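The structure displayed is predicted, hence computed values, not measured ones. Hydrogens, waters and symmetry mates are skipped; everything else that's a heavy atom, side chains included, is used.
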Amino acid sequence: MLQNEVRQLAIIMLILLLLLIIILIYLIGRKWIEINRRKKIETYKSKYKQVIFSYLTEGEISRTLKVSNDTQRKAIEEILGHYTKVLEGEDEKVRLSEIATDCLLNYYRNRLKSFRWSTRMNALYHIEDFQITMLIEDVLK
């Protein structure tokens with residue numbers, strides 16, 4: 001009788017150990033994917049930072065500022081978010097708004113239609129920060 005209980009406890013412990021190992025493998029995989037995604041974003045940020053800075057300060061637009069995927073979009077969003085905190089001049093703020101409108105307009109329009117409240121609110125915060133006035137109609141909806 002005692003042997004059956006010990007055997008059952010051993011089986012339960014083995015099952016729990018396997019579940020913990022599966023969860024650990026899942027978490028390691030997620031972290032690895034996130035690290036790779038973050039590296040790509042940082043690569044794009046280093047690529048776009050000088051282009052955006054020269055446009056904000058001098059008004060020189062570059063053709064290299066093309067957004068074709070979410071990683072590039074996130075990099076541009078982070079760069080512009082940084083510049084909204086440090087820019088003082090009106091001309092620079094207008095140019096920042098123009099870049100945000102060119103690169104992020106459709107992205108934020110789609111985010112405003114999301115079913116998730118948090119996604120819509122984050123889009124509203126960014127629209128306000130970047131002064132994307134072309135989305136006023138969408139915001140009111």
Out of curiosity, Asn110 CG to Leu105 CG, how far, rounded to the nearest 0.5 Å?
-> 9.5 Å

In terms of heavy-atom contacts, does CD of Glu137 have more than 12 from other residues, nucleotides or ligands at under 6.0 Å?
-> no

Look at the aromatic rings of Tyr108 and Phe130 and report parallel, tilted or perpendicular, splitting at 30° and 60°.
-> tilted

Over 12 foreign heavy atoms within 6.0 Å of NZ, Lys45 | yes

Polar side-chain atom of Arg120 near backbone of Ser114 as donor-acceptor pair, under 3.5 Å = yes

Determine, stepwise, if the pair Leu56 / Ile99 fulfils side-chain contact (heavy atoms from CB on, under 4.5 Å).
-> CA-CA 9 Å; Leu56 292 177; Ile99 290 176; 4.2 Å; yes

State plainly whether one hydrophobic cluster holds both Leu17 and Ile25, where clusters connect Ile, Leu, Val, Met, Phe, Trp and Tyr through side-chain heavy atoms under 4.5 angstrom apart.
-> yes

Interatomic spacing from CD1 in Ile28 to CD1 in Ile23 - rounded to 0.5 Å = 12.0 Å

If only atom types and distance count, is the side chain of Glu128 paired as donor or acceptor with the main-chain N or O of Leu124 below 3.5 Å?
-> no

Can you tell if the side chain of Ile52 reaches within under 4.5 Å of the side chain of Leu96, non-hydrogen atoms only?
-> no

Looking at side-chain heavy atoms only, is the closest gap between Ile35 and Lys31 below 4.5 Å?
-> yes

Might you work through the side-chain hydrogen bond (donor to acceptor under 3.5 Å, both in side chains) test for Gln50 and Ser54, ending with a clear yes or no?
-> CA-CA 6 Å; Gln50 185 59 38; Ser54 67; 5.2 Å; no

Verdict with reasoning, Thr101 to Thr133, per side-chain contact (heavy atoms from CB on, under 4.5 Å) | CA-CA 8 Å; Thr101 301; Thr133 56; over 6 Å; no

Taking all heavy atoms of Asp138 and all of Arg109, pick out the closest pair and write down the distance.
-> OD2-NE, 3.0 Å

Are the side chain of Ser97 and the backbone N or O of Lys93 linked by a donor-acceptor pair below 3.5 Å?
-> no

Does any non-hydrogen side-chain atom of Gln72 lie less than 4.5 Å from one of Tyr48?
-> yes

Would you indicate whether Met121, at its atom CE, is surrounded by more than 12 heavy atoms from other residues, nucleotides or ligands within a distance under 6.0 Å?
-> yes

What distance separates Leu14 CG from Leu9 CG, expressed to the nearest 0.5 Å?
-> 12.5 Å

What heavy-atom pair brings Arg73 and Cys103 nearest, and what distance separates the two atoms?
-> NE-O, 4.4 Å

If you measure from OH on Tyr55 to CZ on Arg95, what distance do you get to the nearest 0.5 Å?
-> 7.0 Å

Validation row: Leu24, Leu20 side chains within 4.5 angstrom (heavy atoms) | no

Are there more than 12 heavy atoms of other residues, nucleotides or ligands under 6.0 Å from atom CD of Glu34?
-> yes

In short, Thr71 meets Lys40 closest at the heavy-atom pair CG2-CB, 3.6 Å

Is the shortest heavy-atom distance from the side chain of Arg7 to the side chain of Asn4 under 4.5 Å?
-> yes

Side chain to side chain, Tyr83 and Lys49, heavy atoms closer than 4.5 Å = yes

Heavy-atom pair of closest approach, residues Gly81 and Thr84 = O-OG1, 2.6 Å

salt_bridge(Glu42, Lys39) N-O dist < 4.0 Å = no

Determine whether Met134 and Val67 fall in the same hydrophobic cluster, where Ile, Leu, Val, Met, Phe, Trp and Tyr are linked whenever their side-chain heavy atoms lie under 4.5 Å apart.
-> yes

Between Leu104 and His126, does a side-chain contact (heavy atoms from CB on, under 4.5 Å) hold up when you go through it step by step?
-> CA-CA 10 Å; Leu104 303 172; His126 287 295; over 6 Å; no

Answer yes if Trp117 and Ile127 sit in the same cluster of Ile, Leu, Val, Met, Phe, Trp and Tyr residues linked by side chain heavy atoms under 4.5 Å apart, and no otherwise.
-> yes

Evaluate the criterion salt bridge (Lys or Arg N to Asp or Glu O under 4.0 Å) for residue pair Arg38 and Glu78; output intermediate values, then yes/no.
-> CA-CA 12 Å; Arg38 198 70 231 163; Glu78 288 181 13; 2.7 Å; yes

Does the salt bridge (Lys or Arg N to Asp or Glu O under 4.0 Å) test come out yes or no for Lys74 and Glu77, once each step is laid out?
-> CA-CA 5 Å; Lys74 182 68 176 168; Glu77 185 180 64; 3.5 Å; yes

